[in-house]
Amino acid sequence: MKLLSLTALSVLILSASAAPANSKTTKAKVAILGGGVAGISAAKELVANGITDFVIVEARDELGGRAHDIEFAGIRVEKGCNWVQGLGSNPINQLSKKWGLQVAPNDGTDVVFYDNHGKVNGTKAYDDFNDALDKTYDVALKRVDEADISSRACFNLVGWYPDTPLKQAAEYYAFDWEFAENPDVTSCNYAQVGDASYGGSFGPDSDGDQFVIDQRGFKYIFLQEANQFLKKNDPRLILNTTVKNIKYSDNGVTITAKDGHKIEADYAISTFSLGVLQHNDVTWSPKLPDWKRVGLSGFHMATYLKLFLAWEDQYWDDNQYTVYADPSNRANSPLSSTWQNFNAFTPKNDTTNIFFATVTQDQAYRVEAMTDEEIKKEVTEVVRSMYGDHVKEPTHMYVPRWHSDPLYRGTYSNWPIGELEEHHLNMKAPVDRVWFTGEAMSREYFGYLQGAWIDGGEVGTKVAQCVKHKCPKQPYYPEILLTDEKPKFVKRQEWI
């Protein structure tokens, strides 16, 4: 574990606003747009390849992106990413070890089920669903060269039908809570195989997760990596600057911020979330080509909303997880969700009792649109139906609104039914001198933090080649046609 002084140094270097530029125009070889995990990784690889003339443009007052912790009920909790998912040689796991990140063992099988009358036995439903999930993986492997179908269709093929509230709750816990979307809209061919590989490809002992409880925040390990190439008050770090427009050509890129600050660069690396790229929060001059916009629009930016709640006393079970099996229709159920006992991951105390609920997809959108008072009322009704009328209202509550936040527009990506490999290549492909990276652009690890780190580093290396020599060729598809043959690259483009 690193000493507290290192934490203070990180905050001093990276969390304070960078000194304002003397001029409204900043020039650099490379402009990295976004200071999240992918942006830090891209910058690290630029430096490793001898490129130090770059700037990182970040809308917030600190680096980290969706690795974002907040103060809640007397401690710091992770508003965004919260798990090291996949151990072994997973670079996130390696960074966690390198910088002494405090984590706790995560056991998804340490779960109890409740409905509106109290505790119920959900073991069989949970085991049956996991058996079905394993079988859908085998179905997906056999279908990799066939037309995609939904995960719901895959479940039907293996005989899983969630025809009771308890089965629906088991499915939500083991599927929706992972993908942040339900099986009806999630690809079977791509998402199932991709999910199974998030840890297994990192060698022996890579299967498993760890829950981050470090009071320096998950972002600490990424700030420490950034400290290796950024100095105190580094002018290359432009914080509190929101990008408004990107003008690009085969000669360079001009970025205009909302405050009028202009950045002129030979190349730009966009690390904007998929959700931001799907909206008009950032405009493009000229408009991005149709093949690019179709690729971006077809992928899904899901929303995983952790509803933070705290009470004076713990009234819930000591298990790590609790799943609420709502008796009403799954799509319209009030907070049919996974509840997480924060006390099970941290030393017990008399002042912090956090029990937070996670809702996804349509439920997350619904909750975001409610007022805090409406949410608190509904939460209280649900927990009283589970545990009894003696339960009081929560003393603290925090509602992250990722879907409506213009800096994110969601939490992480999911591969939907109908999105082809060619669409994903187009989503990732550069346009003139603008390159794209982030977790959504990672073919192997979309939706995971390691996807952002690995893909960001790969793009940083490629852009360094552009600056030093010549850009590597990148495939894209100006047209994607229906055909009986396996699609081939119809055009490859060189970037000057």
Within a strict 4.5 Å, meaning less than it, do heavy atoms of the His403 and Thr411 side chains meet? no
Checking His424 against Arg443 for the side chain to side chain contact (heavy atoms under 4.5 Å, CB included) test, could you report, in this order, the C-alpha distance in whole Å, the side-chain angles of both residues, the deciding distance, and whether it holds? CA-CA 8 Å; His424 193 264; Arg443 170 59 187 87; 4.3 Å; yes
ring-ring contact (aromatic ring centres under 6.0 Å, His included) partners of His423, counting only residues at least two apart: none
Going by heavy atoms in the side chains, are Thr360 and Phe179 under 4.5 Å from each other? no
Side-chain donor-acceptor pairs under 3.5 Å in residues 387-400, sequence neighbours left out?
| unit_1 | atom_1 | unit_2 | atom_2 | d |
| --- | --- | --- | --- | --- |
| Thr395 | OG1 | Ala310 | O | 3.1 |

No-hydrogen, no-angle side-chain donor-acceptor test under 3.5 Å, Ser187 and Asn189: no
Could you tell me which residues satisfy salt bridge (Lys or Arg N to Asp or Glu O under 4.0 Å) with Glu146, sequence neighbours excluded, listed by chain and number? Arg143
What pair of heavy atoms forms the shortest contact from Leu277 to Ser270, and how long is it? CD2-OG, 4.1 Å
side-chain hydrogen bond (donor to acceptor under 3.5 Å, both in side chains) filter on His68, not counting sequence neighbours, yields Arg60
Regarding Tyr324 and Asn116, do their side chains bring together a donor and an acceptor under 3.5 Å, going by distance alone? no
Among Val294, Leu425, Leu420, the one residue meeting side chain to side chain contact (heavy atoms under 4.5 Å, CB included) with Ile480: Leu420
Just to verify, what does Phe129 make a ring-ring contact (aromatic ring centres under 6.0 Å, His included) with, not counting sequence neighbours? Phe155, Trp160
May I ask you to check whether Thr437 and Asp455 show a side-chain donor-acceptor distance below 3.5 Å? yes
Could you verify whether a donor N or O on one side chain and an acceptor N or O on the other, from Ser413 and Glu439, lie under 3.5 Å apart? yes
When you compare the side chain of Phe345 with that of Asn343, does any pair of heavy atoms fall below 4.5 Å? no
Apply the test salt bridge (Lys or Arg N to Asp or Glu O under 4.0 Å) to residues Arg76 and Asp214: give CA-CA distance (whole Å), side-chain angles for both, the deciding distance (0.1 Å), then the verdict. CA-CA 8 Å; Arg76 299 201 69 81; Asp214 201 307; over 6 Å; no
Looking at Lys376, I'd like to know if its NZ atom is crowded, meaning that more than 12 non-hydrogen atoms belonging to other residues, nucleotides or ligands lie closer than 6.0 Å. yes
Would you kindly say whether Ser150 and Asp184 are connected by a side-chain donor-acceptor distance under 3.5 Å? no
What pairs of residues pass the side-chain hydrogen bond (donor to acceptor under 3.5 Å, both in side chains) test when at least one of them lies in residues 103-112, not counting sequence neighbours? Trp83-Asn106, Asn106-Tyr321, Asp107-Thr109, Asp110-Asn319
Test: Arg401 and Asp372 ion pair at under 4.0 Å: yes
Salt bridge (Lys or Arg N to Asp or Glu O under 4.0 Å) partners for Lys44, two or more places apart: Glu225
Could you pull out all residues at least two apart from Trp311 that satisfy side-chain hydrogen bond (donor to acceptor under 3.5 Å, both in side chains)? none
Under a 3.5 Å threshold, yes or no: a donor from one side chain and an acceptor from the other, between Asn353 and Gln314? no
So, for Ile40 and Gly64, which heavy atoms are closest and what is the spacing to 0.1 Å? CD1-N, 4.5 Å
Distance (rounded to the nearest 0.5 Å) between Thr136 OG1 and Leu141 CG: 10.0 Å
Partner set under salt bridge (Lys or Arg N to Asp or Glu O under 4.0 Å) for Asp128, not counting sequence neighbours: Lys124
Tyr126 side chain near Thr123 side chain, heavy-atom distance below 4.5 Å: no
List the steps and the verdict of ring-ring contact (aromatic ring centres under 6.0 Å, His included) for Phe355 and Phe342. CA-CA 6 Å; Phe355 194 35; Phe342 200 81; over 10 Å; no
Just jot down the ring-ring contact (aromatic ring centres under 6.0 Å, His included) partners of Phe308, sequence neighbours excluded, or say none. Phe72, Phe356
Would you verify whether the NZ or CZ of Lys306 falls within 45 degrees of the ring axis of Trp402 while also being under 6.0 Å from that six-membered ring's centre? no
Walk me through it: do Tyr304 and Trp177 pass the test side-chain hydrogen bond (donor to acceptor under 3.5 Å, both in side chains)? CA-CA 8 Å; Tyr304 181 101; Trp177 191 54; 2.8 Å; yes
With a 4.0 Å cut-off on N to O distance, would you call Arg216 and Asp69 a salt bridge? no
ring-ring contact (aromatic ring centres under 6.0 Å, His included) partners for Phe272, two or more places apart: none
Using the side chain to side chain contact (heavy atoms under 4.5 Å, CB included) rule, take Val37 and Lys219 through it: C-alpha gap first, then chi angles, then the decisive distance, then the call. CA-CA 8 Å; Val37 172; Lys219 69 175 183 290; over 6 Å; no
Is there a donor-acceptor contact under 3.5 Å linking the side chains of Ser206 and Asn90? no
For Glu45, is there an ion pair with Lys462 - N to carboxylate O distance below 4.0 angstrom? no
Pairwise side-chain contact, Tyr365 with Thr303, heavy-atom cut-off 4.5 Å (strictly under): yes
May I ask you to test the Leu63-Phe222 pair for a side-chain heavy-atom distance under 4.5 Å? no
So, for Cys154 and Val139, which heavy atoms are closest and what is the spacing to 0.1 Å? SG-CG1, 3.8 Å
Using a 6.0 Å cut-off, check whether atom CG of Asp205 has over 12 heavy atoms from anything other than its own residue. no
With sequence neighbours excluded, what pairs up with Lys167 under the salt bridge (Lys or Arg N to Asp or Glu O under 4.0 Å) test? Asp163
Could you go step by step and tell me if Val359 and Leu307 meet the side chain to side chain contact (heavy atoms under 4.5 Å, CB included) rule? CA-CA 8 Å; Val359 291; Leu307 178 58; 5.8 Å; no
After noting the C-alpha distance and the side-chain angles of Thr322 and Phe113, does the key distance pass the side chain to side chain contact (heavy atoms under 4.5 Å, CB included) rule? CA-CA 6 Å; Thr322 299; Phe113 288 80; over 6 Å; no
For the pair Phe299 and Trp415, name the ring-plane relationship: parallel under 30°, tilted 30 to 60°, perpendicular over 60°. perpendicular
Between Arg152 and Glu171, is there a side-chain N and carboxylate O pair less than 4.0 Å apart? yes
